[in-house]
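Here's the structure, in structure tokens; my notes come after.
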Amino acid sequence: NAGVTQTPKFQVLKTGQSMTLQCAQDMNHNSMYWYRQDPGMGLRLIYYSASEGTTDKGEVPNGYNVSRLNKREFSLRLESAAPSQTSVYFCASSEHGTGNNQPQHFGDGTRLSIL
Amino acid sequence: AQSVSQHNHHVILSEAASLELGCNYSYGGTVNLFWYVQYPGQHLQLLLKYFSGDPLVKGIKGFEAEFIKSKFSFNLRKPSVQWSDTAEYFCAVNLDSGYSTLTFGKGTMLLVSP
């Protein structure tokens with residue numbers, strides 16, 4: 001049981017390049033999330049998908065796009081990478097029922113450096 | 001705006017010392033509260049959560065947290081820390097109505113010296 005799988009684990013890009021971070025979960029969860037983690041800033045929500053077919057902006061969406069490809073997969077795209085997007089990116093998923101008390105399950109992260 | 005505050009950015013303790021990490025939130029309404037731990041180089045893992053019932057919640061690895069509604073607090077405690085507890089700890093909160101995403105605190109880095 002893999003849980004939440006992110007690829008790649010590491011990536012170095014040049015400013016202006018584009019790339020897509022992949023995320024897949026095998027827990028049949030409705031909701032999926034993308035966060036970035038920066039030192040001293042905690043986790044900040046970039047985009048989320050409450051259910052298959054929907055996506056919404058989080059706290060820091062500028063410079064990113066997402067696609068909920070199906071229930072399992074939720075990708076994050078940087079169209080034109082900037083040094084300010086150097087960060088560790090985490091994907092997470094959770095079940096969502098009648099309340100919001102289900103915990104989120106996290107992937108191992110993607111460490112992204114933009115030169 | 002909704003926010004989560006963790007009082008200490010860095011905490012250094014010796015093994016066997018007691019731990020208390022503070023977390024305060026500013027939300028109107030019924031909340032769900034979580035503590036996550038991130039060991040060096042790893043992803044976040046759930047330590048414990050509170051959503052209703054007994055405000056004293058016990059989690060994994062001997063951790064517990066107490067929800068004090070009047071103080072908008074959810075402090076994490078452990079009576080005796082171990083070197084293996086060295087990690088970053090995050091408090092997170094969401095509303096228990098509609099669809100509400102998690103808001104994380106900035107984290108507390110705990111270093112336990114042997």
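Numbered from 1 within each chain, the chains take letters A, B, ... in sequence-line order. This structure is a prediction, so every number in the text was calculated from the model and none was measured.
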**Request:** Could you go through the side chain to side chain contact (heavy atoms under 4.5 Å, CB included) check for B/H43 and A/F90 one step at a time?
**Result:** CA-CA 8 Å; B/H43 60 265; A/F90 286 99; 4.1 Å; yes
**Request:** Step by step, work out the side chain to side chain contact (heavy atoms under 4.5 Å, CB included) result for A/Q104 and B/L102.
**Result:** CA-CA 9 Å; A/Q104 293 183 14; B/L102 278 179; 3.6 Å; yes
**Item:** From CA spacing to verdict: side chain to side chain contact (heavy atoms under 4.5 Å, CB included), B/F104, A/Q37
**Value:** CA-CA 11 Å; B/F104 283 84; A/Q37 184 181 28; over 6 Å; no
**Prompt:** Any chain of hydrophobic side-chain contacts (each under 4.5 Å) joining A/V4 to A/Y47?
**Reply:** no
**Request:** Under 4.5 Å, counting heavy-atom pairs only, tell me which of A/F106, A/Y35, A/Y33 racks up the most with chain B.
**Result:** A/F106
**Asked** Measuring heavy-atom distances to chain A, does B/Q38 have an atom under 4.5 Å in its side chain, in its backbone, in both, or in neither?
**Response** side chain
**Message:** If hydrophobic clusters are built from ILVMFWY residues whose side chains come within less than 4.5 Å, do B/L21 and B/Y39 share one?
**Reply:** yes
**Prompt:** Which bit of B/Y50 is near chain A, if near means a heavy-atom gap under 4.5 Å: side chain, backbone, both or neither?
**Reply:** neither
**Asked** In terms of heavy-atom contacts, does NE2 of B/H9 have more than 12 from other residues, nucleotides or ligands at under 6.0 Å?
**Response** no
**Message:** If you count every heavy atom of other residues, nucleotides or ligands that lies below 6.0 Å from A/R111 atom CZ, does the total exceed 12?
**Reply:** no
**Message:** Using 0.5 Å steps for rounding, measure from the OG1 atom of B/T101 to the OH atom of A/Y48.
**Reply:** 5.5 Å
**Message:** For chain B, which candidate among A/A92, A/G109, A/G40 shows the most heavy-atom pairs at distances under 4.5 Å?
**Reply:** A/G40
**Request:** Spell out, yes or no, whether A/M19 and A/V66 are grouped together once hydrophobic residues are joined by side-chain heavy atoms under 4.5 Å, including indirect joins.
**Result:** yes
**Complete:** Rounded to the nearest 0.5 Å, the CD atom of A/E59 sits from the OG1 atom of B/T103 at a distance of 7.5 Å
**Asked** Which region of A/L43, side chain (C-beta onward) or backbone (N, CA, C, O), has a non-hydrogen atom less than 4.5 Å from a non-hydrogen atom of chain B, or is it both or neither?
**Response** both
**Message:** Between B/V11 and B/Y89, is there shared hydrophobic-cluster membership here, with clusters defined by ILVMFWY side-chain heavy atoms closer than 4.5 Å?
**Reply:** yes
**Prompt:** Is it the side chain or the backbone of B/L46 that comes within 4.5 Å of chain A heavy atoms, both, or neither?
**Reply:** side chain
**Asked** Is the count of non-hydrogen atoms from other residues, nucleotides or ligands lying under 6.0 Å from B/L56 atom CG greater than 12?
**Response** yes
**NZ (B/K106) with more than 12 external heavy atoms under 6.0 Å** = no
**Asked** Do A/V88 and A/Y64 sit in the same hydrophobic cluster, where Ile, Leu, Val, Met, Phe, Trp and Tyr count as joined when their side-chain heavy atoms come under 4.5 Å apart?
**Response** no
**Complete:** Turns out that what part of B/E88 lies under 4.5 Å from chain A's heavy atoms comes down to side chain
**Message:** Need one label for B/S100: side chain, backbone, both or neither, based on atoms under 4.5 Å from any heavy atom in chain A.
**Reply:** both
**Nearest-0.5 Å distance that lies between atom CG in B/N94 and atom OG in A/S94** = 9.0 Å
